[in-house]
Undergrad: 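Could you have a look at this structure, given as structure tokens, before my questions?
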Amino acid sequence: MATTIIVDPLTRIEGHSRWTVTVHDTTGAIEEANSQGTLFRGFENILKTRDPRDASQITSRICGV
Amino acid sequence: MRITRRDFMKFCAMSAGALGLTTTDLGKLEKALATEQTDGGTHVVWINGAACTGCTVSFANSMYYSSVQDLLVPWAKHGLTSTTNGTTANGPLDLDFIETLSSAVGQTALNAASANLGTSTTPFVLCVEGAIQTEGSNGNSYCTVGDNFAGNNVRKFKDEVLEYANRSNCLAVVAVGTCASFGGIPAAKGSVTGARGLISTGRITGGYQTVNTTGYWDYLKALPTGKVANVRLTDLGSGYTANPAVTFTLGGYTTLAAATATANTTTGKIASVVMTNQGAGYTSVPTVSFVGGFSSTGTTAKGVASLSNALSATEWATIMGKTVCVSGCPPHPDWLVGTIVYVLTYKEAPLMDKYHRPLDYYQEYQCTNCTWSVNNPSSMGTVHDIDGLAKASTAGLAVGNSPYLFRYKYEKNYEGCIGILGCKGRKTKADCSYRRWNTNTTGKGGTGWCVQTRAGCHGCTDPRYPDGWGKFFSFV
């Protein structure tokens, strides 16, 4: 009836991501489409109570590309 | 060949000097880089965890030993010539999987990596980038990669690391970057994800907070799986004429364990006990009893069960021996390329310090070749250059560690030591000061490094990074 295509992991990006699409077999209509970020590090939590001058050094490690 | 012969011999000479190679070993090193790989090269699987991908980008900027395309692309196989140095040989690395650079997506990309699993005996090198996050309630995880092929169940990164590393065909586990080595920024104070590197930092005090991150291998060695590993016989019994039954009681299990015992009817003693079902959910060690099988004049055998941990002692020892930490935030591409080539040549990890960092690159403090120590009469060390440029030496006076002396150095000479601004260089081991960063020519040293800009070293190769140092811009 419906086919689910899962793309996990998504490559050529920074971090991890998972994409799923459910397509109806005969009509080709997209029933459901989801994207999911599959990595959480919690930089907001790490930054709390730190010296503000350190903020730029730490947040720059969110993405190294 | 990926680099000119002259530069290659320079690299070999430098490595030989550091590693103490004999001329016969030099030949082996030469062979590794120069041999045309007909099978495409040694397999490398590069997996990312809680990473920022900076380590991959740094690796992609490799130039001094070899450009990254000359490491990876099988030029000869496709009848092409390298654009960087005109070589036509195949690259010595076959990068099966790397999330950031792979053109394939999803399961297709992962299949190339999982070809190294299962029954494969082809050797491969595992590169781990990013911290391993072990927290997560209700069996969930903060980092997942790929389906586990059973419906909509995702595969946790921490399981993936163990799956690839705990294999005999895995030659070495290279922890790329400080995050994979010691935890790094994702493991800093405030993080809730239980991020850790592969190697423990040990207890380090005196910084922003006390650092004591348990490495992933040490964590697994102490992690109970709730299964019974084996039964150790403490009393072989006597007078056995038949195999006794083995019963397990207590231990708080969800699935009962089971084992079979074999008796030696000639000697009348128990010969062995083999687990047939390790059980599940054990929270404490169960009691083992042997029932029946011995004559009226015989004595029963006795045994003690032990619970298994995620890594057994022998597995832990093997994995620790082959884990190399190329730390840095990001690490210099030379450190990574040099280490991988060493592993290709010798099929084992190089000489490492107590934090598993290869001694070739992490032996000297940053003051070794610092420009500002040259300009300051109260400096330390002599100055030399990786390109063999002119040496300069300073009339070094004894140096102390007080902030007052550092402020004196900084103010006395406008171009003096910047320790007072927060440079962690005198306590950080890395060869940035003479290798330098961002070379734009193969075989030439780098154009600059952090301290050259008078910004100060942040000590990113150290297990202390970042919280063991204190604030980024304060004196240490």
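Below, read A as the first sequence line, B as the second, and so on, with proteins coming before strands; counting in each chain starts at 1.
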Undergrad: Would you say Asn140(B)'s side chain and Ser137(B)'s backbone share a donor-acceptor pair under 3.5 angstrom?
TA: yes
Undergrad: Would you compute the distance between atom OG of Ser114(B) and atom CD of Gln107(B) and round it to the nearest 0.5 angstrom?
TA: 6.5 Å
Undergrad: Identify which of Gly49(B), Ser474(B), Ala187(B) forms the greatest number of heavy-atom pairs closer than 4.5 Å to chain A.
TA: Gly49(B)
Undergrad: Are Glu163(B) and Arg155(B) ion-paired here, with the side-chain N under 4.0 Å from a carboxylate O?
TA: yes
Undergrad: Quick one: of Thr144(B), Val57(B), Ile98(B), who has the most non-hydrogen atom pairs under 4.5 Å with chain A?
TA: Thr144(B)
Undergrad: Below 4.5 Å from any heavy atom of chain A, which atoms of Phe157(B) appear? Answer side chain, backbone, both or neither.
TA: neither
Undergrad: Does Trp19(A) CH2 have over 12 foreign heavy atoms under 6.0 Å away?
TA: no
Undergrad: With a 4.5 angstrom heavy-atom cut-off, which part of Thr49(A) approaches chain B: side chain, backbone, both or neither?
TA: both
Undergrad: Chain A heavy atoms under 4.5 Å from Ala188(B): which part of the residue, side chain, backbone, both or neither?
TA: both
Undergrad: Thr108(B) side chain to Ala104(B) main-chain N or O, any donor-acceptor pair under 3.5 Å?
TA: no
Undergrad: Which of parallel (below 30°), tilted (30 to 60°) and perpendicular (above 60°) describes Tyr216(B) and Tyr219(B)?
TA: parallel
Undergrad: Using only non-hydrogen atoms and a strict under-4.5 angstrom cutoff, which residues of residues 176-186 of chain B touch chain A?
TA: Ile185(B), Pro186(B)
Undergrad: Looking only at heavy atoms, what is the nearest atom pair of Gln452(B) and Gly448(B), with distance?
TA: OE1-CA, 3.5 Å
Undergrad: Please look at Glu99(B) and chain A and tell me whether the side chain, the backbone, both or neither of the residue comes under 4.5 angstrom of a heavy atom of that chain.
TA: both
Undergrad: Could you tell me which portion of Ser102(B) (side chain, backbone, both or neither) has an atom closer than 4.5 angstrom to a non-hydrogen atom of chain A?
TA: both
Undergrad: Donor-acceptor check, side chain of Arg12(A) to backbone of Leu101(B), threshold 3.5 angstrom: yes or no?
TA: no
Undergrad: Is it the backbone or the side chain of Ile62(A) that comes under 4.5 Å from a heavy atom of chain B, or both, or neither?
TA: backbone
Undergrad: Would Phe473(B) and His458(B) satisfy ring-ring contact (aromatic ring centres under 6.0 Å, His included), going step by step from the backbone distance to the final call?
TA: CA-CA 8 Å; Phe473(B) 298 105; His458(B) 286 314; 5.5 Å; yes
Undergrad: At a heavy-atom separation under 4.5 Å, does Cys55(B) approach chain A through its side chain, its backbone, both, or neither?
TA: neither
Undergrad: Indicate the ring-plane relationship of Phe124(B) and Tyr164(B), choosing parallel, tilted or perpendicular according to the 30° and 60° boundaries.
TA: perpendicular
